[in-house]
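Remarks on the structure that follows.
Just so we're on the same page: letters track the sequence lines, and every chain starts at 1. Owing to the predicted nature of the structure, the values given are computational and were not obtained by experimental measurement.
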Number of protein chains: 2
Amino acid sequence: MKKKDPAIDRLFHALGDPTRRAILDRLGHAPTSATRLAEWLGVTVTAVGQHLQILEDAGLVSTEKLGRVRTCSIHHAGFDRLEQWIRDHRTSWERRLERLADLLAESDKD
Amino acid sequence: MKKKDPAIDRLFHALGDPTRRAILDRLGHAPTSATRLAEWLGVTVTAVGQHLQILEDAGLVSTEKLGRVRTCSIHHAGFDRLEQWIRDHRTSWERRLERLADLLAESDKD
DNA sequence: AAAATACTGAAGTATCCACTTGACAATTCT
DNA sequence: AGAATTGTCAAGTGGATACTTCAGTATTTT
């Protein structure tokens with residue numbers, strides 16, 4: 001039953017947390033450092049680091065360390081994958097609705 | 001900082017679990033009863049009931065009880081909201097990229 | 001009416017996960 | 001060089017959560 005897709009797992013798990021979505025909101029506006037994110041969110045830098053790891057693994061954020069400061073920005077890949085997932089599932093039930101419509105049309109003939 | 005949106009919270013939380021996404025996969029193919037889902041997933045009917053509650057609250061699934069059997073099917077609202085969320089965030093960072101491009105073009109003039 | 005089916009509700013458990021603290025490493029500032 | 005800044009690592013804690021079992025209700029079947 002389980003066609004396990006670790007990438008999708010990581011993606012949805014990453015998006016499942018409000019704090020991480022808040023980070024995405026912020027980064028969508030402009031790239032920032034981990035410390036700034038921490039101050040803004042009201043949590044420790046350590047916590048932010050952990051979130052960033054997860055977001056990066058999910059392909060939603062990319063980070064680069066210059067000197068001692070790690071700058072984070074939005075990354076496309078994750079959003080693309082998410083959009084693809086929706087498209088797949090949407091077409092899935094849309095096809096089902098079509099079949100249903102066909103069946104109804106069929107039964108009208110009786 | 002927190003512009004809390006409970007609907008989005010519920011939505012992403014619902015999608016964050018692999019079992020619940022498996023349920024969506026299955027329902028995308030065809031509507032089913034709770035018991036069938038439980039057999040297919042290899043968990044208790046109780047567990048399925050709990051998942052269904054969450055999926056329903058998120059607007060991803062709708063259920064209807066006829067007699068003693070509860071039939072579940074995909075519901076559009078959740079997917080629509082999800083798609084809207086992506087659109088919002090995509091335009092957000094796309095606008096940023098435009099500004100960045102403008103800045104680069106600007107600095108070329110120096 | 002009795003037995004089987006399909007689900008619901010309460011309560012417990014075990015695991016996961018977001019967050020912390022405290023110690024450390026690396027870089028920049030004075 | 002010394003102090004401040006920025007981030008990383010290891011380990012621990014509390015609360016959420018995905019399950020379970022057990023007991024019960026409503027519906028269908030025989």
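- In this structure, of C:dC19, D:dT17, D:dC9, it is C:dC19 that holds the atom nearest to the side chain of A:T19.
- The distance from atom CD1 of A:I54 to atom P of C:dC19 is 9 Å, rounded to the nearest whole Å.
- In this structure, the nucleotide among D:dC19, C:dA18, D:dA18 sitting nearest to the side chain of B:R20 is D:dA18.
- Here the side chain of A:V69 is nearest to one of C:dA18, C:dG9, D:dT6, namely D:dT6.
- None of A:I23, A:V61, A:V48, A:L55 except one satisfies the side chain to side chain contact (heavy atoms under 4.5 Å, CB included) rule with A:C72; the exception is A:V61.
- Proximity of B:H51 to the phosphate of D:dC19: a side-chain N or O atom is located under 4.0 Å from OP1 or OP2.
- Between B:T46 and B:E39, the residue whose closest nucleotide on DNA chain C is further toward the 5' end is B:E39.
- You'll find that the side chain of A:T44 is closest to C:dC19, out of C:dG22, C:dC19, C:dT8.
- The base of C:dT8 has none of its N or O atoms less than 3.5 Å from a complementary donor or acceptor on the side chain of B:Q53.
- Look at CG on B:L52: it is 8 Å from P on C:dT8, rounded to the nearest Å.
- At the heavy-atom level, A:S33 lies under 4.0 Å from the strands shown only through sugar-phosphate atoms.
- Across all strands, B:A47 comes closer than 4.0 Å to base atoms (heavy-atom distances).
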Inset, instruction - Starting from the C-alpha separation in whole Å, work towards a yes-or-no answer on side chain to side chain contact (heavy atoms under 4.5 Å, CB included) for B:R10 and B:I54. - result: CA-CA 8 Å; B:R10 282 196 295 269; B:I54 291 169; over 6 Å; no
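- Looking at heavy-atom distances under 4.0 Å, A:G49 makes no contact with the nucleic acid at all.
- Using a 4.0 Å heavy-atom criterion, one finds that B:V43 contacts the sugar-phosphate atoms exclusively.
- In this structure, A:H13 does not reach the C:dC16 phosphate: none of its side-chain N or O atoms is under 4.0 Å from OP1 or OP2.
- A:L37 places its CG atom 16 Å from the C1' atom of C:dA18, with the value rounded to the nearest Å.
- Between the CG atom of A:D17 and the P atom of C:dC16 there is a distance of 17 Å, given to the nearest Å.
- When each of C:dT20, C:dT28, C:dA18 is scored by its nearest atom to the side-chain atoms of A:R68, the top-ranked nucleotide is C:dT28.
- Here the side chain of B:S62 pairs no donor or acceptor atom with the backbone of B:L60 at under 3.5 angstrom.
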Inset, instruction - Tell me, with the steps shown, if A:R20 and A:L15 meet side chain to side chain contact (heavy atoms under 4.5 Å, CB included). - result: CA-CA 7 Å; A:R20 284 193 284 269; A:L15 288 167; over 6 Å; no
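- To the nearest angstrom, C1' of D:dC9 lies 12 Å from NZ of A:K65.
- Side-chain proximity of A:R70 to the nucleotides D:dA18, C:dT20, D:dT8 is greatest for D:dT8.
- Regarding B:L66, its CG atom lies at a distance of 14 Å from the C1' atom of D:dA26, rounded to whole Å.
- Hydrophobic clustering of Ile, Leu, Val, Met, Phe, Trp and Tyr side chains at less than 4.5 Å, counting indirect connections, unites B:L41 with B:L27.
- Neither side chain, B:Q84 nor B:D80, offers a donor N or O lying under 3.5 Å from an acceptor on the other.
- One interatomic measurement links the two molecules: CG of A:L15 to C1' of C:dC17, which rounds to 16 Å at whole-angstrom precision.
- Atoms CD (B:E56) and P (C:dT8) sit 10 Å apart, rounded to a whole Å.
- Between B:Q50 and B:V45, the residue anchored closer to the 5' end of DNA chain C is B:V45, taking for each the nucleotide with the nearest heavy atom.
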